[in-house]
Protein chains: 2
Amino acid sequence: MEQLNNISSEQELIIQKARKRIIESMGKNMELYGITQSIGHLYGLLFFQNKPMTLDEMREAMEMSKTSMSTGVRTLVDLKMVNKVWEKGSRKDLYEVEMDWFQTFSDYFSLKWRKALEINLSSLRKSKVELNQLSQQYPDDTALQGILQTDINKIDEAIRYYKWLDRLIDSFETEEIFNLVPKDLP
Amino acid sequence: MEQLNNISSEQELIIQKARKRIIESMGKNMELYGITQSIGHLYGLLFFQNKPMTLDEMREAMEMSKTSMSTGVRTLVDLKMVNKVWEKGSRKDLYEVEMDWFQTFSDYFSLKWRKALEINLSSLRKSKVELNQLSQQYPDDTALQGILQTDINKIDEAIRYYKWLDRLIDSFETEEIFNLVPKDLP
DNA sequence: TGTTTTGTACAGTTTTTACTGTATAAACAG
DNA sequence: CTGTTTATACAGTAAAAACTGTACAAAACA
């Protein structure tokens, strides 16, 4: 690891232990971000690396295959948790963590939430149209109307929720959320 | 399904199709809530059921084992997405969905986020103490101090992020979030 | 109390996901 | 252009998760 060769091994041990605690804690909790424990661990490793890392360095540190490092780091890049960086002279790809966790957090949940929102909202609306058409077709069928009204009410309530979620996501994407819930207390 | 026997089979078909689209859409997106597709599907089934359901009814509708229904519905109850309800006369357990999706959403993410927050914050603080101690022990070792400062800065930035997340979760739990991002636009 | 019904623990099976090693395509240096 | 290095596609294997059926314990009823 980077400049740790300038200090005593006793000191290094303490630092490594302190880092390891955090890295493993990250690894455990990264399932929240839908990533596996070992990819979470990889993230933690990159977090404390003070320079960009190559796939071979990761492979060595993680004691895993290069293929796993390649797919793992790609996942992290897709989630914008890690960035690919360029360094002249090196023909290896280099990666480093995105240090802005506020950004990472809002990127991740914006992405996931919006994906679910779009699919669900589209289904809800399509079904609502069909039920409304059926309703207009048999306006005097009270049994039918009762059922339809129940379903349409549920759909409307769901749509109401998704409209709210849409605005919440907007507040993440525009960073308005940091006005509403400030990064630091005054 | 409940009162669907009072209407023509042609009408029922349209309703079932409309429901099915939504249920399957839910099933697909429920992985966001860390639940499997079939449990998501079960949730969707319960969503359109207009009365509480027993395990046996679920098993029949889902064409799955009763054991799976038992574990599946238990997962949903743990996540507060489904409630166990009591009905005199029946000695079977009955379940129905929590219809307040705002509540479901904030319960789920409060729970998950807070769990991760507590574990990570605790590791970060513990490691920070150790690094600070090491720093005070060798105040003149510039190589060491450089490394320590870098690590401590990272830890501080992470702590800053978690403090923010803590306040965000608070706003979910106190429902203050609905003042900041209102459920309905005026 | 004994009898019946209901939910779940547990072990075994199937399916899915994570991971590895090799083979190959793409990128680069000379 | 040729030779070398690097990342990844792919097929196979190992590990994990989802699901099932049986067997049993807890609860409800008579």
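Each chain gets a letter, A, B and so on, in the order the sequences are listed, and its residues count up from 1.
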Between C:dG7 atom P and B:Met58 atom CE, what is the distance in whole Å? 9 Å

Taken to the nearest whole Å, NZ/A:Lys92 to P/D:dT5 is 10 Å

Comparing A:Met69 with B:Thr71, nearest DNA chain C nucleotide closer to 5' gives the residue B:Thr71

Name all stems that contain residues of DNA chain C, defined as runs of 3 or more consecutive Watson-Crick or G-U wobble pairs, both distances under 3.5 Å. C:1-30 with D:1-30

Spacing of A:Leu94 atom CG and A:Asn83 atom CG [to the nearest 0.5 Å]: 12.5 Å

Can you figure out which of D:dA7, C:dC19, C:dG7 approaches the side chain of A:Ser68 most closely? C:dC19

Are OP1 or OP2 of D:dT8 and a side-chain N or O of A:Ser70 less than 4.0 angstrom apart? yes

Protein and nucleotides 15-18 of chain C: nitrogen or oxygen contacts under 3.5 angstrom:
none

How many whole angstroms separate atom CG of A:Leu42 from atom P of C:dC19? 11 Å

A:Tyr95 OH to D:dT6 P, straight-line distance once rounded to whole Å: 13 Å

Distance-minimising heavy-atom pair for B:Asn120 and A:Met26: OD1-N, 3.7 Å

Min side-chain heavy-atom separation A:Trp113-A:Leu168 under 4.5 Å: yes

Taking side chain as C-beta onward, heavy atoms only, is B:Met99 less than 4.5 Å from A:Lys154? yes

Nearest-Å distance for atom pair CG/P, residues B:Asp93 and D:dA27: 11 Å

In whole Å, what is the span from the CD atom of A:Gln37 to the C1' atom of D:dA15? 14 Å

Walk me through whether A:Phe48 and A:Ile22 qualify under side-chain contact (heavy atoms from CB on, under 4.5 Å). CA-CA 10 Å; A:Phe48 277 114; A:Ile22 295 172; 3.8 Å; yes

OP1 or OP2 of C:dT8 sitting under 4.0 Å from any side-chain N/O of B:Arg59? no

Check against side-chain hydrogen bond (donor to acceptor under 3.5 Å, both in side chains), B:Ser135 and B:Gln145: CA-CA 6 Å; B:Ser135 171; B:Gln145 290 296 333; 3.1 Å; yes

Can you check whether A:Thr67 has a side-chain N or O nearer than 4.0 Å to OP1 or OP2 of D:dT8? no

From CG of A:Leu55 across to C1' of D:dA9 the rounded distance in Å is 15 Å

Does a side-chain N or O of A:Lys66 approach OP1 or OP2 of D:dA7 to a distance below 4.0 Å, or not? yes

Atom pairs under 3.5 Å: protein N/O with N/O of nucleotides 28-30 of chain D:
residue, atom, partner, partner atom, Å
D:dA28, N3, B:Arg91, NH1, 3.4

Aromatic plane relationship, B:Tyr43 with B:Trp101 - under 30° parallel, 30 to 60° tilted, over 60° perpendicular: tilted

What's the NE2-P distance between B:His41 and D:dA18, to the nearest Å? 17 Å

Carefully, step by step, assess B:Glu98 and B:Lys80 under the rule side-chain contact (heavy atoms from CB on, under 4.5 Å). CA-CA 7 Å; B:Glu98 169 56 60; B:Lys80 297 189 183 172; over 6 Å; no

Side chains of A:Gln136 and A:Asn132, donor plus acceptor under 3.5 Å: no

Would you tell me if any nitrogen or oxygen in the side chain of B:Ser65 comes within less than 4.0 Å of OP1 or OP2 on D:dC19? no

Check the surroundings of atom CD in B:Glu173: do more than 12 heavy atoms from other residues, nucleotides or ligands lie under 6.0 Å from it? yes

In short, A:Lys183 meets B:Arg167 closest at the heavy-atom pair O-NH2, 3.1 Å

How about B:Phe109 and B:Phe172: are their ring centres within less than 6.0 Å of each other? no

